[in-house]
2 protein chains.
Amino acid sequence: MTVTAYTKSVGEVAAESGVAASAVRFYEQHGVITAVRTQGDQRRFDDSAACRIRVAKVAQRVGLTIREIADIFAALPPDPQPADWGRVADTLVAEAEARAAALRTHLAAMCSGARLCDLA
Amino acid sequence: MTVTAYTKSVGEVAAESGVAASAVRFYEQHGVITAVRTQGDQRRFDDSAACRIRVAKVAQRVGLTIREIADIFAALPPDPQPADWGRVADTLVAEAEARAAALRTHLAAMCSGARLCDLA
DNA sequence: GCTTGACATCAACAATGGTTGAACGTCGAG
DNA sequence: CTCGACGTTCAACCATTGTTGATGTCAAGC
């Protein structure tokens with residue numbers, strides 16, 4: 001059993017995930033990613049950090065907040081396996097499609113029938 | 001040909017759309033709804049205002065910004081007809097589903113193949 | 001072992017999407 | 001005509017999602 005490796009600095013994660021270093025720190029503060037600290041108080045992330053950030057960025061596009069994303073990621077174990085990522089992906093896609101479906105339903109309800117969105 | 005009736009006050013639109021009066025003013029400032037002014041400088045909205053706001057609220061849930069929603073509403077004529085609302089609804093649903101599809105695609109790309117989201 | 005770049009914290013700023021409060025104007029029912 | 005409910009503007013404030021800059025520390029290469 002391999003122990004999870006916390007080896008990556010803020011800058012490395014930033015480069016891998018395509019966001020600014022300040023954003024990496026922000027995401028850590030808000031529970032999207034987690035870090036351990038070195039003796040000198042520097043953050044060290046594991047390999048999943050960059051992935052989490054890339055997933056978070058696409059999830060934000062469908063209206064999920066940082067908090068919601070962090071909550072979904074809470075189901076990920078340290079050193080997540082393919083199946084773990086698959087479940088998270090399914091959860092995110094399901095949420096996105098539920099919102100799209102809700103939009104469709106609301107619009108259909110508003111624009112149907114005699115009243116047409118409460119317009120005469 | 002009926003002339004569009006601008007008869008509703010901020011409070012009436014707020015009550016009909018289920019948002020605060022401050023939000024109604026905010027939406028007007030940002031082009032989601034439009035108003036004429038009375039002699040005494042009070043806003044008067046037509047019947048579509050409450051509908052626009054209700055649609056805007058559900059659209060926000062799928063990640064559209066106020067600006068994007070206002071842009072889509074820009075296609076609505078004054079005194080919109082059912083077909084006009086239908087086109088707006090189609091645009092919104094298409095946008096929502098495009099975002100959901102993008103999420104699905106990105107996640108599939110990240111989580112597929114040998115590398116699995118760049119994890120070993 | 002010293003320098004230099006990357007890291008640390010903290011506060012301030014920015015944009016989005018509003019809410020709240022102060023101070024004042026309008027409108028319609030009595 | 002007056003009174004209260006509702007309207008007006010403006011500035012300040014809140015949360016979210018970050019960025020920027022000041023100031024200071026750490027660590028890796030020379």
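Every chain is numbered from 1 and lettered A, B, ... according to where its sequence line falls, protein lines coming before strand lines.
Using a 4.5 Å heavy-atom threshold, the side chains of B:E95 and B:L64 count as touching. Residues A:D79 and A:S48 fail the side-chain proximity criterion, which asks for heavy atoms closer than 4.5 Å. The closest side-chain heavy-atom distance from B:Q81 to B:D84 is below 4.5 Å. Counting heavy atoms from C-beta on, the side chains of A:E16 and A:F45 never come closer than 4.5 Å.
With A:R37 contributing its side chain and A:R43 its backbone, the two residues share no donor-acceptor pair below 3.5 Å.
Taking atom CG of residue A:D71 and atom P of nucleotide D:dT16, one finds them 12 Å apart after rounding to whole Å. Spacing between atom CZ of B:R67 and atom C1' of C:dG17 amounts to 12 Å, rounded to whole angstrom units. Between the P atom of C:dG17 and the CZ atom of B:F26 lies a distance of 6 Å, rounded to the nearest Å. In this structure, B:E68 atom CD and C:dT16 atom P are separated by 11 Å, rounded to whole Å. For A:Y27 and D:dG18, the OH to P distance is 4 Å, given to the nearest whole Å. Spacing between atom CD of B:Q29 and atom P of D:dA11 amounts to 12 Å, rounded to whole angstrom units. Atom P of nucleotide D:dT16 and atom CD of B:Q60 are separated by 15 Å, given to the nearest angstrom. One interatomic measurement links the two molecules: CD1 of A:I66 to P of D:dT17, which rounds to 5 Å at whole-angstrom precision.
For A:S9 and C:dA6, the shortest distance from a side-chain N or O to OP1 or OP2 is not below 4.0 Å. Regarding contacts with the backbone of D:dT8, a side-chain N or O of B:R25 is found under 4.0 angstrom from either OP1 or OP2. Listed pair A:K57 / D:dG18 meets the phosphate criterion, a side-chain N or O lying under 4.0 Å from OP1 or OP2. Residue B:T38 has a polar side-chain atom (N or O) positioned under 4.0 Å from OP1 or OP2 of C:dC27. Contact check, B:R37 against D:dT9: a side-chain N or O comes under 4.0 Å of OP1 or OP2. Taking side-chain N and O atoms only, B:R43 has no distance below 4.0 Å to OP1 or OP2 of C:dT26.
For the helix from C:dG1-D:dC30 to C:dG30-D:dC1, the end axes, each set by the C1' atoms of five terminal pairs, are bent relative to each other by 0° (nearest 10°).
Look at A:K8 and A:D47 and you find a salt bridge, because one of the NZ, NE, NH1 or NH2 atoms lies within 4.0 Å of a carboxylate O, short of that distance.
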